[in-house]
S.K.: 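Would you mind keeping the following structure in view while I ask a few things?
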Amino acid sequence: MSGKTFYITTAIDYVNSKPHLGTAYEKVAADIIARYHRLIGDDVLFLMGNDEHSQKVEAAARAQGLSPLAWCDLMEKEFRDAWKALDISFDDFIRTTEPRHVAAVKEMLTRIHAAGDVYQDVYEGWYCTGCEAFKNEGDLVDGKCPDHLSTAPTFLEEKNWFFRLSKYESFLKDYYAEHPDFVRPAIRRNELTSLLDSGLKDISISREGATWGVPVPFDETAVVYVWFDALINYIAGLGWPDDSERFERYWPADLHLIGKDITRFHCIIWPAMLKSAGLPLPAQVFGHGFVNMGKDRMSKSLGTAVDPQSLADRFGADALRWYLTSEAGFGKDLEYGEDRLVERANTDLANGLGNLLSRSVSMLVRYLGGVVPAPPAAPPMRSKVEEAVPVYREALDDLDLKGAADAAMSIVHRANVYVDEKAPWAMAKDPAQKDALAGVLYELMESCRVAGVLLTPFMPAKMAELRERLGEDAEAAPKIDDASWGGLPEGRKLTKPSPLFTKLALDEADAS
RNA sequence: GGCGACGUAGCUCAGCCGGUUAGAGCGAGGGAUUCAUAAGCCCUAGGUCGGUGGUUCGAGUCCACCCGUCGCUACCA
């Protein structure tokens, strides 16, 4: 046990539509990081949630003839079901309509108001409900928001409360300079430093006359602007300001995991809010890439195929998780292709790891009656494992999910080569090599076991199955110490297993 | 318009502060095997490293400009 805490959050999701593959990608990545930190013994708190205060949400509810809250209740189920289907192991789930969140928002407003960072002014401009944001006229194309062509922006002129963001410009510049890893990847930090260099403007943080939102504590005629509201979930989820014990334990957050499009809110506005309220800043914000659908080859099933739940149903949550995080570098965009998903699952999982387990156990059963032999003296696979584990850990410590996936899988590749080098089936024909054969088989089983430990954060369900096939306790979550060589006990009796991963197929009736 | 990123084998990409025959994975082709989910293993890609011109003994690797993609940001209107 490290005794260290690790607090990780994802963006909370707008509930104006069901979860899509892009949001699922973020949650899967966060889940792998959270599970990794549990693996290494950290006291992890993994927070997710839904963002329910916005005009978009209100409109979506009205369109269904529901009250906003009734709609949000329905959507909460949708999201929770999706995350369950993907094995997302969040520890807490916050909704911005919950009392604990509302209380935190009010406290935050009260604090920054007391700090002299809030003032009233008139705002006029074009407001795009699609973006939930005011747009500069220059942003509009033919009078419409280029991102939301179907909904015309409305011209608003209202009294708003403003937050003195400009006051924190030099503070943020210094903070960025002193904390080079605050914003990652580097490309996002560069964008934001140049934004800081160009100067910050104060921002409107309230909406007049709206009702679906948190009332401004010192002005009952206004509600807090949804973006300002949403960010506060990260401390509200810790019980701030009431549960100081929980808050003190986990805050500041170790990692805010968000999409690359909302780095500005998290890396400029949010730190300024915290500073104004006298709270410490999170250690790191990571803006991951998007899952692009543009080049999807399976256009005929587009729409249903890219629904994360249906993908999990068709291919299995673990295969989907593996594809999403092992295919492209984290932080870069992923070009989604169902054929690529199937290819990766078949190559790495069925043909690689699954087949290695099958051939290893099968030989154990055939040559040694299924009884795990004693560990050999100086096994080559041991050095391979002991080389891969640190690479895996360094990669995950650096949020390099693909690097960690590759490191774990390198054990599998090496073991498959090792089988060929040793040719156990030939050794089995020579009684003089009986001990050597037993040693090789032990190495293969043990390699599977360790790879299974390392891959548990990526594929929790399948790796539990793997443990079961090796006679381990499938329910007990492994720890990093279990990745040490020699953990498989001598004398255990194994039986020939069924395939761990079945081959996937693109379900094309007219495949050619 | 400003700032920045990227453009390397069919595909996806590695290549840190410049240095012998430019790498990996996947796909594809060939080969030797048989324990295994017809899986695994071995070999094979001769690619103007976007273009041009520079700096240098020597440049995907630095500089300038150009072309093409993209991100952030501004403004004209």
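Numbers restart at 1 for each chain; the letters A, B, ... are given by sequence-line order, proteins then strands. The figures that follow rest on heavy atoms only: side chains count, while hydrogens, waters and symmetry mates do not. Not measured: the values here are computed from a predicted model.
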S.K.: Quick one: is A39(B) close enough that its OP1 or OP2 comes under 4.0 Å of any side-chain N or O from K503(A)?
M.R.: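 Yes.
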S.K.: U73(B) C1' sits how many Å from N190(A) CG, rounded?
M.R.: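 The answer, rounded to whole Å, is 14 Å.
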S.K.: Take atom C1' in G25(B) and the same atom in C3(B), then report the distance between them in whole Å.
M.R.: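 Approximately 35 Å lies between the C1' atom of G25(B) and that of C3(B).
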S.K.: Can a side-chain donor-acceptor contact be found between Y234(A) and H266(A) if the only test is distance below 3.5 angstrom?
M.R.: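 Yes, Y234(A) and H266(A) have a side-chain donor paired with an acceptor closer than 3.5 Å.
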S.K.: Can you measure from CG (L441(A)) to CG (L437(A)) and round to the nearest 0.5 angstrom?
M.R.: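 Result: 4.5 Å between the selected atoms.
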S.K.: Could you work out which one of U73(B), U37(B), C35(B) sits closest to the side chain of R366(A)?
M.R.: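 It is C35(B).
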S.K.: Which base, if any, makes a Watson-Crick or G-U wobble pair with U55(B), both distances under 3.5 Å?
M.R.: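 When the pairing criteria are applied, nothing turns out to pair with U55(B), so the answer is none.
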S.K.: Please determine, for G46(B), whether a Watson-Crick or G-U wobble partner exists with both distances under 3.5 Å, and give it or none.
M.R.: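 WC or wobble partner does not exist here.
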S.K.: Of the non-hydrogen atoms in P282(A) and W270(A), which two are nearest, and what is the gap between them?
M.R.: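 Taking P282(A) first and W270(A) second, the nearest heavy atoms are CG-NE1, 4.1 Å.
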S.K.: Can you tell me the Watson-Crick or wobble partner of G60(B), both distances under 3.5 angstrom?
M.R.: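 Its partner is none (no Watson-Crick or G-U wobble pair with both distances under 3.5 Å).
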S.K.: Once you round it to whole Å, what is the distance between P of G25(B) and NZ of K402(A)?
M.R.: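 Interatomic distance, NZ of K402(A) to P of G25(B): 11 Å.
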S.K.: Please report the distance, rounded to the nearest Å, between CG in L200(A) and C1' in C72(B).
M.R.: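 Value for this atom pair: 14 Å.
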S.K.: When the P atoms of G30(B) and G47(B) are compared, how many Å lie between them, rounded to an integer?
M.R.: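 It comes out at 22 Å once rounded to the nearest Å.
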S.K.: Respond yes when some side-chain nitrogen or oxygen of R344(A) is under 4.0 Å from OP1 or OP2 of U12(B), and no when none is.
M.R.: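 Negative; the distance criterion is not met.
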S.K.: Expressed as a whole number of angstroms, how long is the span from L444(A):CG to C41(B):P?
M.R.: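 Atom-to-atom, L444(A) to C41(B), this comes out as 13 Å.
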S.K.: Distance check needed: G71(B) P versus H288(A) NE2, whole Å only.
M.R.: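 My rounded result for the distance is 16 Å.
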S.K.: Syn or anti for G60(B)? Use the chi torsion, O4'-C1'-N9-C4 for purines and O4'-C1'-N1-C2 for pyrimidines, with syn inside 90° of 0.
M.R.: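 You should classify G60(B) as syn.
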S.K.: On RNA chain B, check which nucleotide each of A350(A) and D420(A) is closest to and give me the residue with the more 5' one.
M.R.: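 The answer here is A350(A).
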S.K.: Taking atom types as modelled and ignoring hydrogens, do the side chains of S410(A) and K384(A) form a donor-acceptor contact shorter than 3.5 angstrom?
M.R.: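 Yes, K384(A) and S410(A) have a side-chain donor paired with an acceptor closer than 3.5 Å.
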S.K.: Could you let me know what A24(B) is paired to, Watson-Crick or G-U wobble, both distances under 3.5 Å, or none if it's on its own?
M.R.: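 Base-paired to U12(B).
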S.K.: Say you pick atom P in C11(B) and the same atom in G51(B); how far apart are they, in whole Å?
M.R.: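 One P to the other, the span is 16 Å.
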S.K.: Could you state the atom-to-atom distance from CG of D406(A) to P of G23(B) in whole Å?
M.R.: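 Rounded to whole Å, this separation is 20 Å.
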S.K.: Over all strands shown, is L500(A) touching base, sugar-phosphate only, or nothing at heavy-atom distances under 4.0 angstrom?
M.R.: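 Here L500(A) touches the bases of the nucleic acid.
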S.K.: Would R35(A) and T456(A) count as having a side-chain donor-acceptor pair, cut-off 3.5 Å?
M.R.: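 The answer is no; no qualifying pair exists.
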S.K.: Using the C1' atom on both, measure G23(B) against C65(B) and round to a whole Å.
M.R.: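 Comparing C1' positions in G23(B) and C65(B) gives a spacing of 30 Å.
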S.K.: Tell me which nucleotide, if any, is Watson-Crick or G-U wobble paired with C41(B) when both distances must be under 3.5 Å.
M.R.: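 For C41(B), the partner nucleotide comes out as G31(B), under the 3.5 Å rule.
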S.K.: Compare the minimum distances between each of U73(B), A36(B), G71(B) and the side chain of E191(A), then state the nucleotide with the smallest one.
M.R.: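 The nucleotide sitting nearest to the side chain is G71(B).
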S.K.: Which comes earlier along RNA chain B counting from the 5' end, the contact point of L356(A) or that of K429(A), where each point is its nearest nucleotide?
M.R.: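 Here K429(A) is the residue nearer the 5' end.
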S.K.: Please report the interatomic distance CG(L444(A)) to CG(L488(A)), rounded to the nearest 0.5 Å.
M.R.: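 CG of L488(A) is found 11.5 Å from CG of L444(A).
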S.K.: Between C26(B), C42(B), A36(B), which nucleotide has the shortest distance from any of its atoms to the side chain of V417(A)?
M.R.: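 Nearest nucleotide to the side chain: C42(B).
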S.K.: What does S198(A) touch in the nucleic acid at a heavy-atom separation under 4.0 angstrom: a base, only the sugar-phosphate, or nothing?
M.R.: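 No contact.
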S.K.: Determine the Euclidean distance between corresponding C1' atoms of G60(B) and C41(B); express it in Å to zero decimal places.
M.R.: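 Straight-line distance between the two C1' atoms is 33 Å.
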S.K.: Can you find a side-chain donor-acceptor pair between R469(A) and S498(A) that sits under 3.5 Å?
M.R.: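 Per modelled atom types, R469(A) and S498(A) side chains form a pair under 3.5 Å.
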S.K.: Between atom CD in E421(A) and atom P in C35(B), what is the gap in whole Å?
M.R.: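 The answer, rounded to whole Å, is 18 Å.
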S.K.: Please tell me which of the listed nucleotides, C26(B), C41(B), C72(B), lies nearest to the side chain of T347(A)?
M.R.: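 Minimum distance to the T347(A) side chain belongs to C26(B).
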S.K.: Take atom C1' in C62(B) and the same atom in U21(B), then report the distance between them in whole Å.
M.R.: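 Those two atoms are separated by 24 Å.
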S.K.: For G46(B) versus G4(B), give the span between their C1' atoms, rounded off to a whole number of Å.
M.R.: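 G46(B) and G4(B) have their C1' atoms separated by 36 Å.
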S.K.: Using purine N1 to pyrimidine N3 plus N6-O4 or O6-N4 for Watson-Crick, or N1-O2 and O6-N3 for G-U wobble, each under 3.5 Å, what pairs with A36(B)?
M.R.: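 With both distances under 3.5 Å required, A36(B) matches none.
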S.K.: Partner of G1(B) by Watson-Crick or G-U wobble geometry, both contacts under 3.5 Å, or none?
M.R.: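 Pairing partner: U73(B).
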S.K.: Tell me which nucleotide, if any, is Watson-Crick or G-U wobble paired with G68(B) when both distances must be under 3.5 Å.
M.R.: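 Because both required distances fall under 3.5 Å, G68(B) counts as paired with C6(B).
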S.K.: Classify Y367(A) by what it touches in the nucleic acid, base, sugar-phosphate, or nothing, heavy-atom distance under 4.0 Å.
M.R.: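 If one applies the 4.0 Å heavy-atom cut-off, Y367(A) turns out to touch the sugar-phosphate alone, with no base involved.
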S.K.: Choosing from C35(B), G40(B), G27(B), which nucleotide comes nearest the side chain of N355(A)?
M.R.: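 Of C35(B), G40(B), G27(B), G40(B) is nearest to the side chain of N355(A).
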S.K.: Grab the CZ-C1' distance between R359(A) and U37(B) for me, whole Å please.
M.R.: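 The answer, rounded to whole Å, is 11 Å.
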S.K.: For U73(B), take OP1 and OP2 only and decide whether either is under 4.0 Å from a side-chain N or O of R264(A).
M.R.: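 So the side-chain polar atoms of R264(A) do come within 4.0 Å of the phosphate oxygens OP1 or OP2 of U73(B), strictly under.
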S.K.: Look at K496(A) and U37(B) and indicate whether a side-chain polar atom (N or O) is within less than 4.0 Å of OP1 or OP2.
M.R.: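 The answer is yes; a side-chain N or O of K496(A) sits under 4.0 Å from OP1 or OP2.
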S.K.: Could you measure between the two P atoms, the one in G15(B) and the one in U55(B), and give it in whole Å?
M.R.: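 G15(B) and U55(B) have their P atoms separated by 29 Å.
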S.K.: Can you tell me if Y36(A) and D397(A) form a side-chain donor-acceptor pair at under 3.5 Å?
M.R.: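 Side chains of Y36(A) and D397(A): pair found under 3.5 Å.
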S.K.: So, is N351(A) close to the U37(B) phosphate, meaning a side-chain N or O under 4.0 Å from OP1 or OP2?
M.R.: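 It does not, given that no N or O in the side chain of N351(A) lies less than 4.0 Å from OP1 or OP2 of U37(B).
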